Amino acid sequence: MTTVRHPISLIAVFLWIGFVCAISFMEAWLKFQAPGITLSLGLGIGRLVFDALNKIEWVFVFAVFLSSLISKGQFFSAKKLFYYLPVIILIIQTTWLLPALDARAEMHIQGLEVPSSNLHFYYVALEALKVISLIIFGINQFKIIK
């Protein structure tokens with residue numbers, strides 16, 4: 001039989017995965033396929049959506065943290081690494097990567113020349129690493145009872 005160790009944490013983690021996959025891996029490029037969407041308009045929409053996603057991700061971070069606090073779980077264990085890694089990635093995205101991408105989008109919207117950059121590749125790689133870590137962490141929320 002299988003049981004869930006921390007149900008609130010499990011729900012938050014899989015919702016978090018869903019939000020990241022839906023926005024970062026689908027909405028981000030799909031909006032540019034819509035009729036009438038210019039690059040500037042798509043970038044403006046993207047700035048709003050990714051700002052909202054970032055805030056929602058922090059809600060999930062705190063939901064998992066509070067769930068661990070309430071259940072008196074260990075804060076520092078090997079299995080928690082798969083929670084801490086996405087948190088570290090989110091800190092990097094919040095403090096450096098998203099502001100840098102936002103500034104580039106703003107430059108383009110204002111009609112300025114935007115130098116080439118690998119920032120989008122970094123963002124996608126970090127999102128993939130975040131999702132993989134969260135899947136492993138989510139699976140670890142299950143406990144097999146014999």
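Note that this is a predicted model, so its numbers are computed, not measured.
Hydrophobic clustering, with ILVMFWY side chains joined whenever heavy atoms are under 4.5 angstrom apart, groups L129 together with Y84. Residue V20 is grouped with residue I88 when hydrophobic side chains (ILVMFWY) are merged at heavy-atom distances under 4.5 angstrom, including chains of intermediate members. There is no path of hydrophobic side-chain contacts, each under 4.5 Å, that joins L10 to V59.
Here the closest heavy-atom approach between residue L81 and residue P86 is recorded as O-CD, 4.4 Å. Heavy atoms only, all atoms of each residue included: S9 and V64 are closest at OG-CG1, 3.4 Å. Taking each heavy atom of N140 and F82 in turn, the nearest pair found is ND2-CD1, 4.2 Å.
Judged as a salt bridge (Lys or Arg N to Asp or Glu O under 4.0 Å), the pairs with a partner in residues 123-141 (not counting sequence neighbours) are, in order, E57-K130, E127-K130. The salt bridge (Lys or Arg N to Asp or Glu O under 4.0 Å) pairs that include a residue from residues 34-44 number zero, where partners must be two or more places apart or lie in different chains. Contacts classified as ring pair (Phe, Tyr, Trp, His ring centres under 6.0 Å) and involving residues 112-140 (residues at least two apart or in different chains) are given here: F50-Y123, Y83-F137. Within the structure, the side chain to side chain donor-acceptor pair (under 3.5 Å) test picks out the following pairs touching residues 29-42 (sequence neighbours left out): E27-K31.
Atom CG of L126 and atom CD1 of I92 lie 6.0 Å apart (nearest 0.5 Å). Taking CD1 from I11 and OG from S67, the interatomic distance works out to 9.0 Å, rounded to the nearest 0.5 Å.
When side chains are defined from C-beta on, W16 counts as touching V61, because their heavy atoms get closer than 4.5 Å. Residues F142 and V4 form a side-chain contact, since some pair of their non-hydrogen atoms from C-beta on lies under 4.5 Å apart. Between C21 and V131 the shortest side-chain heavy-atom distance falls below 4.5 Å. In this structure, the side chains of V87 and F65 stay at 4.5 Å or more apart for every pair of heavy atoms.
The 12-atom threshold is not exceeded at CZ of F19, counting heavy atoms of other residues, nucleotides or ligands nearer than 6.0 Å.
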For this session: Could you check F60 against L15 for side chain to side chain contact (heavy atoms under 4.5 Å, CB included), going step by step and ending with a plain yes or no?
Result: CA-CA 8 Å; F60 293 138; L15 281 172; 3.7 Å; yes

Exercise. Going through the checks in order, is the side chain to side chain contact (heavy atoms under 4.5 Å, CB included) test met by I70 and I8?
Worked result: CA-CA 10 Å; I70 291 168; I8 294 171; 5.6 Å; no

For this session: Decide yes or no on side chain to side chain contact (heavy atoms under 4.5 Å, CB included) for L53 and S24, but give the supporting numbers first.
Result: CA-CA 9 Å; L53 173 63; S24 295; 4.0 Å; yes

N/O donor-acceptor pairs under 3.5 Å from side chains in residues 94-116, not counting sequence neighbours:
from: T94; atom 1: OG1; to: N54; atom 2: OD1; distance (Å): 3.4
from: T94; atom 1: OG1; to: N54; atom 2: ND2; distance (Å): 2.8
from: T94; atom 1: OG1; to: W58; atom 2: NE1; distance (Å): 3.0
from: T94; atom 1: OG1; to: L90; atom 2: O; distance (Å): 2.7
from: T95; atom 1: OG1; to: I91; atom 2: O; distance (Å): 2.7
from: D102; atom 1: OD1; to: R47; atom 2: NE; distance (Å): 2.4
from: D102; atom 1: OD1; to: R47; atom 2: NH2; distance (Å): 3.4
from: R104; atom 1: NH1; to: P115; atom 2: O; distance (Å): 2.6
from: R104; atom 1: NH2; to: P115; atom 2: O; distance (Å): 3.0
from: E106; atom 1: OE1; to: R47; atom 2: NH1; distance (Å): 2.5
from: E106; atom 1: OE1; to: R47; atom 2: NH2; distance (Å): 3.4
from: E106; atom 1: OE2; to: Q110; atom 2: NE2; distance (Å): 2.7

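Remark: F32 engages no residue in a ring-ring contact (aromatic ring centres under 6.0 Å, His included) (not counting sequence neighbours).
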